[in-house]
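Here the structure is laid out as structure tokens; the discussion comes afterwards.
Every heavy atom of this structure was used, including side-chain atoms; hydrogens, water molecules and symmetry mates were not.
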Amino acid sequence: MGRVRVTYATLDDLEKLPYFPPNLARATHGRDYIPASGFAFFRANQSEATINISILDDDEPERSESVFVELLDATLVEKLQNRPIPNSPRLGPKIETIAHLIIIANDDAFGILQLSAPVVRVAENHVGPIINVTRTGGAFADVSVKFKAVPMTAVAGEDYSIASSDVVLLEGEISKAVPMYIINDIYPELEESFLVHLLNETTGGAKVGVLTEAIIIIEASDDPYGLFGFQITKLTVEEPEFNSVKVNLPIIRNSGTLGNVTVLWVATINGQLATGDLRVVSGNVTFAPGETIQTLLLEVLADDVPEIE
């Protein structure tokens, strides 16, 4: 009945009331919202009125924050009868005269998760983090993201292993290693690779970013094309008195035996080419795939020059 004016105002950011939830994040006036105060008018038979609070937009990641609006007074400004009605109008219980306005978390408050690089090269004997999940935007709350490793030329359980299917970042953390490691073995292998893929499955309010796939390249290891050396590293040969003598020097291929490999050789005496002592002083020897030994044929020449070993 009649026309009523209700006075309202936003509560000060630092004001604490006993019925506020504990550890409540409060919005900051002038930065998150514009403080408001004024009047709401109710006409006869009107049961509802709207109060407008201006929320300020910015680019800063923020978790949910609270603004409180309190009703301060109710006053009758137009009567419909001259006979006064005691204690009317009036405000209800204190707990019903304060409205709780929540500005929801914004500007990616809990972070955008993605991989730290599209391609990573790593040695087979590498120990430690291989690739990270990074967190941009905000770093509020504990968050996680699921991932999977997809074999390409590398084999799961033989070349690499996954310790967990989740990457967990605690509140405030902006980078975390993907829990996986490279398996170091003694077998000669060529370059191998597998794919790390972030799934669109997160917790804690985080989102998945753009870079969700990365190729992990395990570099060739354990000398897949071979380690080459002479089978005999010291051989004594008498210089012939006439013509020449032929000497066989086996070259062996250890470790891997992949690919066609050409080994270059050169013969020297005291740092100089052994011209005059050998018919041929340089050349090459070729190993086919799977071959482990080849023979270098040297021809020692006779001469009239006195020489020591």
Side-chain angles (χ1 to χ4, degrees), residues 113-134 144-169 175-201 208 211-235 247-268 282-298:
L113 306 180
Q114 60 184 9
L115 294 169
S116 56
V119 179
V120 174
R121 300 186 68 90
V122 62
E124 187 186 64
N125 61 359
H126 173 81
V127 177
I130 299 171
I131 190 170
N132 287 2
V133 169
T134 63
S144 70
V145 60
K146 287 190 175 294
F147 75 97
K148 65 179 180 180
V150 182
M152 295 173 71
T153 53
V155 179
E158 295 181 9
D159 300 307
Y160 67 93
S161 183
I162 305 301
S164 169
S165 61
D166 296 89
V167 181
V168 179
L169 292 89
S175 182
K176 201 66 165 289
V178 176
M180 63 185 182
Y181 59 92
I182 305 301
I183 298 174
N184 190 15
D185 57 37
I186 60 173
Y187 305 111
E189 295 170 300
L190 295 177
E191 191 174 89
E192 298 172 312
S193 61
F194 63 96
L195 182 74
V196 174
H197 177 61
L198 290 188
L199 305 178
N200 192 20
E201 298 179 32
V208 174
L211 186 54
T212 59
E213 290 188 344
I215 296 175
I216 310 300
I217 300 172
I218 306 171
E219 295 176 342
S221 60
D222 302 297
D223 302 295
Y225 297 110
L227 283 173
F228 297 87
F230 288 112
Q231 189 176 52
I232 301 171
T233 57
K234 186 174 182 179
L235 181 65
V247 178
N248 291 320
L249 282 179
I251 301 174
I252 57 174
R253 184 188 207 179
N254 293 312
S255 291
T257 60
L258 302 177
N260 291 292
V261 179
T262 298
V263 179
L264 303 180
W265 65 271
V266 62
T268 62
S282 65
N284 60 71
V285 176
T286 299
F287 286 74
E291 284 188 326
T292 59
I293 189 168
Q294 286 280 11
T295 299
L296 171 61
L297 178 62
L298 297 178

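- For the pair E219 and R121, the salt-bridge criterion is met [side-chain N within less than 4.0 Å of a carboxylate O].
- Around atom CD1 of I215, no more than 12 heavy atoms belonging to other residues, nucleotides or ligands sit under 6.0 Å away.
- Minimum heavy-atom separation, A154 to F194: CB-CD2, 4.2 Å.
- Here the closest non-hydrogen pair linking S116 and I131 is OG-CG1, 3.4 Å.
- You'll find the ring centres of F287 and Y225 outside the 6.0 Å limit.
- The two atoms that bring N184 and E124 nearest to each other are OD1-OE1, 3.0 Å, heavy atoms only.
- Nearest heavy atoms, I182 versus A123: CG2-O, 4.4 Å.
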Between I216 and I130, is the side chain to side chain contact (heavy atoms under 4.5 Å, CB included) condition met? List the steps. CA-CA 8 Å; I216 310 300; I130 299 171; 3.9 Å; yes
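- Counting heavy atoms from C-beta outward, T212 and Q114 have side chains that stay 4.5 Å or more apart.
- Of all heavy-atom pairs spanning V208 and L199, the tightest one is CG2-O, 3.5 Å.
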Begin from the C-alpha positions of T262 and T286 and carry the test side chain to side chain donor-acceptor pair (under 3.5 Å) through to its verdict. CA-CA 4 Å; T262 298; T286 299; 3.3 Å; yes
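- Between Y187 and D222, the shortest heavy-atom contact is O-OD2, 3.1 Å.
- You'll find the side chain of V261 reaches within 4.5 Å of the side chain of F228, heavy atoms only.
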